[in-house]
Each structure stands twice: as C-alpha cells, then as structure tokens.
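What follows is one structure encoded as structure tokens, with my remarks underneath.
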Amino acid sequence: MRILFDQGTPVPLKRFLTEHEVSTAYLEGWGDLQNGDLLAAAESRFDLFITTDKNLRYQQNLSGRRLAILVLPTTSWPAIQPHGETIASAAETMQPAEYRELVW
C-alpha cells in the first residue's frame with residue numbers, strides 16, 4: 001500500500017508501517033498545497049492519506065474520492081507512539097474511499 005503523511009503527521013510513525021511505501025507531503029513537494037489540492041494530488045499516487053486534521057471531512061467534499069483517509073487524534077508523537085500498532089492495523093484494513101477517525 002502507498003501511504004502519504006499529511007504535514008502534521010509525525011514521521012516516526014513510519015517505523016510501524018514498514019510493510020508499506022510511505023512518503024510525506026513535504027517530500028513529494030506538496031507542502032504548499034491546501035487540503036483539496038493535496039487530496040487530488042495524493043489520489044493520483046497513493047492509496048491512504050494519514051492526517052491529524054479532524055476538520056478535513058467538514059472542509060472538503062470527500063464523496064467520489066477513492067483515496068482512503070485515516071485521521072489521528074493528535075500531532076503529538078509521544079501520544080501517538082503507544083498506538084503505533086493500532087494505527088498500523090487500521091491502515092491494513094482501510095478500504096478505498098473509506099474515512100476513519102481513530103480515538104484513544
């Protein structure tokens with residue numbers, strides 16, 4: 001699976017997703033793109049978008065997108081780290097066009 005991290009997603013999370021190809025919006029040269037444009041660009045090359053933007057579904061029309069979106073509850077790596085396996089498991093089960101918010 002090809003996974004894209006949004007700007008606020010902590011990069012160390014990659015170590016829990018070693019079975020996948022993971023990149024960041026910054027590394028792709030998309031650091032200046034806003035949500036709608038970023039989602040459109042991501043959809044052309046990635047299967048899953050991991051973000052911490054809980055308002056994304058209210059700010060963007062997600063209908064018709066094939067990109068799966070996984071929303072983390074925080075940008076804090078110390079808070080995310082203990083849930084790395086949960087995030088990896090969620091990533092494994094995401095279906096195209098699925099939107100899921102994790103809560104812990």
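Quantities reported herein were computed from a predicted structural model and do not represent experimental measurements. Nothing fancy with the numbering, it's 1 onward along the sequence.
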Joint cluster assignment, [X] & [Y], ILVMFWY side-chain distance < 4.5 Å:
X: Trp77; Y: Val22; value: yes
X: Phe46; Y: Leu17; value: no
X: Tyr26; Y: Leu33; value: no
X: Phe49; Y: Val11; value: no

Practice task
Would you tell me whether Ser23 and Arg45 have side-chain atoms, one donor and one acceptor, within less than 3.5 Å of each other?
Solution key: no
Practice task
Evaluate the ring planes of Trp104 and His83, with Trp represented by its six-membered ring, and classify them as parallel (under 30°), tilted (30 to 60°) or perpendicular (over 60°).
Solution key: parallel
Minimum heavy-atom distance [X]-[Y], with the two atoms named:
X: Phe16; Y: Ala88; value: O-CB, 3.4 Å
X: Gln59; Y: Asp53; value: OE1-OD2, 3.4 Å
X: Leu13; Y: Gly84; value: CD1-CA, 4.4 Å
X: Gln60; Y: Gly36; value: OE1-CA, 3.2 Å

[atom1]-[atom2] distance between [X] and [Y], expressed to the nearest 0.5 angstrom:
X: Leu39; Y: Leu67; atom1: CG; atom2: CG; answer: 6.5 Å
X: Leu72; Y: Ile87; atom1: CG; atom2: CD1; answer: 4.5 Å
X: Leu70; Y: Tyr99; atom1: CG; atom2: OH; answer: 9.5 Å
X: Ile50; Y: Ile69; atom1: CD1; atom2: CD1; answer: 11.5 Å
X: Thr75; Y: Asp6; atom1: OG1; atom2: CG; answer: 11.0 Å
X: Gln95; Y: Arg66; atom1: CD; atom2: CZ; answer: 13.5 Å

With distance as the sole test, does [X] use its side chain to make a donor-acceptor pair with the main-chain N or O of [Y] at under 3.5 Å?
X: Thr93; Y: Ala90; answer: yes
X: Gln7; Y: Gly31; answer: yes
X: Arg65; Y: Leu62; answer: no

Practice task
Taking only Lys NZ, Arg NE, NH1 and NH2, and the carboxylate oxygens of Asp or Glu, determine whether Lys54 and Glu101 approach each other closer than 4.0 Å.
Solution key: no
Practice task
State, yes or no, whether a side-chain contact exists between Thr9 and Ile80 at a heavy-atom distance under 4.5 Å.
Solution key: no
Exercise for the section: Kindly indicate whether the side chain of Leu48, heavy atoms from C-beta on, has any atom under 4.5 Å from the side chain of His20. Expected result: no
Handout entry: Residues in side-chain hydrogen bond (donor to acceptor under 3.5 Å, both in side chains) contact with Ser44, at least two apart in sequence or another chain
Key = none
Practice task
Check the surroundings of atom CG in Asn55: do more than 12 heavy atoms from other residues, nucleotides or ligands lie under 6.0 Å from it?
Solution key: yes
